[in-house]
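Naming convention: chains lettered A, B, ... in sequence-line order (proteins, then strands); numbering from 1 in each chain.
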Protein chains: 2
Amino acid sequence: MPVGLNDQEIQVLGDVVSHKRKIQRGGYLHRTGSSFQSLFAIRSGFLKTCVLEEDGRQQVTGFHMTGELLGLDAISTETHTCDAIALEDSEVCEIPFAKLEEISRTIPSLMRHFHKIMSREIVRDHGVMLLLGSMKAEERLASFLLNLSRRFLMRGYSESEFNLRMTREEIGSYLGLKLETVSRAFSKLQDENIITVDNKRIQINDIARLRLKMGNSSCIT
Amino acid sequence: MPVGLNDQEIQVLGDVVSHKRKIQRGGYLHRTGSSFQSLFAIRSGFLKTCVLEEDGRQQVTGFHMTGELLGLDAISTETHTCDAIALEDSEVCEIPFAKLEEISRTIPSLMRHFHKIMSREIVRDHGVMLLLGSMKAEERLASFLLNLSRRFLMRGYSESEFNLRMTREEIGSYLGLKLETVSRAFSKLQDENIITVDNKRIQINDIARLRLKMGNSSCIT
DNA sequence: CGCGATTTTGACGGCACTCAAGCGCCGTGG
DNA sequence: CCACGGCGCTTGAGTGCCGTCAAAATCGCG
């Protein structure tokens, strides 16, 4: 997963990864308030992170797939600030953070890589802020689908056909919309023959026109 | 600024800070696309960061004051992903990032501190995402004012009376609202005697009721 | 097959956006 | 000194997008 490291470095890093953990669908990887010890690298599966509001409802802050790193938000307070929940059976590697810091002192490229990952998360969040702050419902959904498409492609899956792991409500929570609005936006894009929707199965028929829907060129990572 | 370092460490860090830079009101600290060399610690003043959209309009991603660190987003691509513009005459310390990484290898507490700062930025962004995704105009403005209030308090200024450095349009851009909506929300809070608004001068008369306006307890940092 | 969860679709209403007018402040120039 | 014009701010009226409420359809699963 960590790009830009040589074999030796990867091996050293491998020693840090204390053990793997399986989380079945619906299970928690960590909860808000629980103490922070480790980062988690996703080996397989699909997770969401969400913060709970006082009234019980939840806001999804991200969807995460293979190769991504979870728990970065917890470094600051040494307490997790969100829940991480598996949307399908998943497998993660636990990376004790203290060890990671220690080892990264001897491997500059690893440290640099780690810093880039944190920075990329900040850039990603800015992209989402842009989306939430200035896009309409249809633009948000287009942006979301294109983002998923790109991430599937990077992992060797089809960029034009994939299964959503999350519900309309979770998509809506992430995009700052109600589930009905998400559903309507799906239907609208389908009416225009840009995508084909069959419940959770999405097929992108015209990726160029989908990109046009999202006036903005910035693509959330 | 950096909390949690001892005197010796602070001195070492001081050596890293190559030189100070003054930016006058309206001036750029850095621009989108310019190459990344250094982080910037704000010594004094007030800056905004914003990303430009293709259509020329801009979305403000943050307001930044004394003691805060700018440029974290640029680490990932080694290119700045946003503009940083001074909203009043400001002074920053330039911190060459390569040097910071190098030195942090010998001072674990500095490295840890840096990681916490990056992590806090991620948490902050999640707070903004929550705000943009689920709050109404008045709640957003209340949240914004309380955030400013707290940050002024932390710096030894009054928490109940301060000057806004930014325009209504910039506030709106940050909060995902149009300037007219921001203005109306100010007026409404004033009508309820919760705040007193005199152009850029804000006085918080009833901080408890202002907190109530923002149903959510999460406070963006 | 039957139930609950999820999704779709429709009708309606409200909040925020758009368009527009007017005010106050301030720097410039007559 | 004062008139003028630009800019930022406020306020009003009307519109439209999206949230709310509701009902029906479909899916998933035992």
Does the pair B:Met118 and A:Glu121 meet the rule for a side-chain contact (heavy atoms from CB on, under 4.5 Å), with working shown? CA-CA 10 Å; B:Met118 293 208 82; A:Glu121 176 69 16; over 6 Å; no
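- Look at B:Arg150 and B:Glu159 and you find no salt bridge, because none of the NZ, NE, NH1 or NH2 atoms lies under 4.0 Å from a carboxylate O.
- Nucleic acid contact for A:Ser183: base, since at least one base atom lies under 4.0 Å from a heavy atom of the residue.
- One can place NZ of A:Lys188 at 11 Å from C1' of D:dC17, the figure rounded to the nearest angstrom.
- The only option from A:Leu177, A:Val182, A:Leu175, A:Val128 that meets the side-chain contact (heavy atoms from CB on, under 4.5 Å) definition with A:Phe144 turns out to be A:Leu175.
- As rounded to whole Å, 14 Å separates atom C1' of D:dG16 from atom CD of A:Glu139.
- A straight line from CG of B:Leu131 to C1' of C:dA16 spans 15 Å, rounded to a whole angstrom.
- In this structure, CG of B:Leu164 is placed 13 Å from C1' of D:dC9, rounded to the nearest angstrom.
- Listed by chain and residue number, A:Lys22 satisfy the side chain to side chain donor-acceptor pair (under 3.5 Å) test with A:Glu91 (two or more places apart in sequence, or in another chain).
- Taking the six-membered ring for Trp and thresholds of 30 and 60 degrees, B:Phe114 and B:Phe97 have ring planes inclined between 30 and 60 degrees apart.
- End-to-end axis angle of the helix from C:dC1-D:dG30 to C:dG30-D:dC1, using five pairs per end and rounding to 10°, comes to 30°.
- Partners of B:Ser44 under the side chain to side chain donor-acceptor pair (under 3.5 Å) rule, at least two apart in sequence or in another chain, do not exist in this structure.
- With B:Phe152 as the aromatic partner, B:Arg155 does not meet the cation-pi criteria of under 6.0 angstrom to the ring centre and within 45 degrees of the ring axis.
- To the nearest angstrom, C1' of D:dC18 lies 17 Å from CE of A:Met135.
- For the side chain to side chain donor-acceptor pair (under 3.5 Å) test, residues two or more places apart in sequence or in another chain that qualify with A:Asn163 are A:Arg201.
- If you take CD of B:Glu138 and P of C:dC15, they are 11 Å apart, rounded to a whole angstrom.
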Its contact letters, B for base, S for sugar-phosphate only and - for none at protein heavy atoms under 4.0 Å, make nucleotides 19-30 of chain D read SBB-----S---
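- As rounded to whole Å, 8 Å separates atom P of C:dT6 from atom CD of A:Glu170.
- In this view, B:Ile194 and B:Leu189, B:Glu192, B:Arg209, B:Leu210, B:Lys213 satisfy the side-chain contact (heavy atoms from CB on, under 4.5 Å) rule, not counting sequence neighbours.
- Atom pair B:Phe186:CZ and D:dC9:P shows a separation of 9 Å (rounding to whole Å applied).
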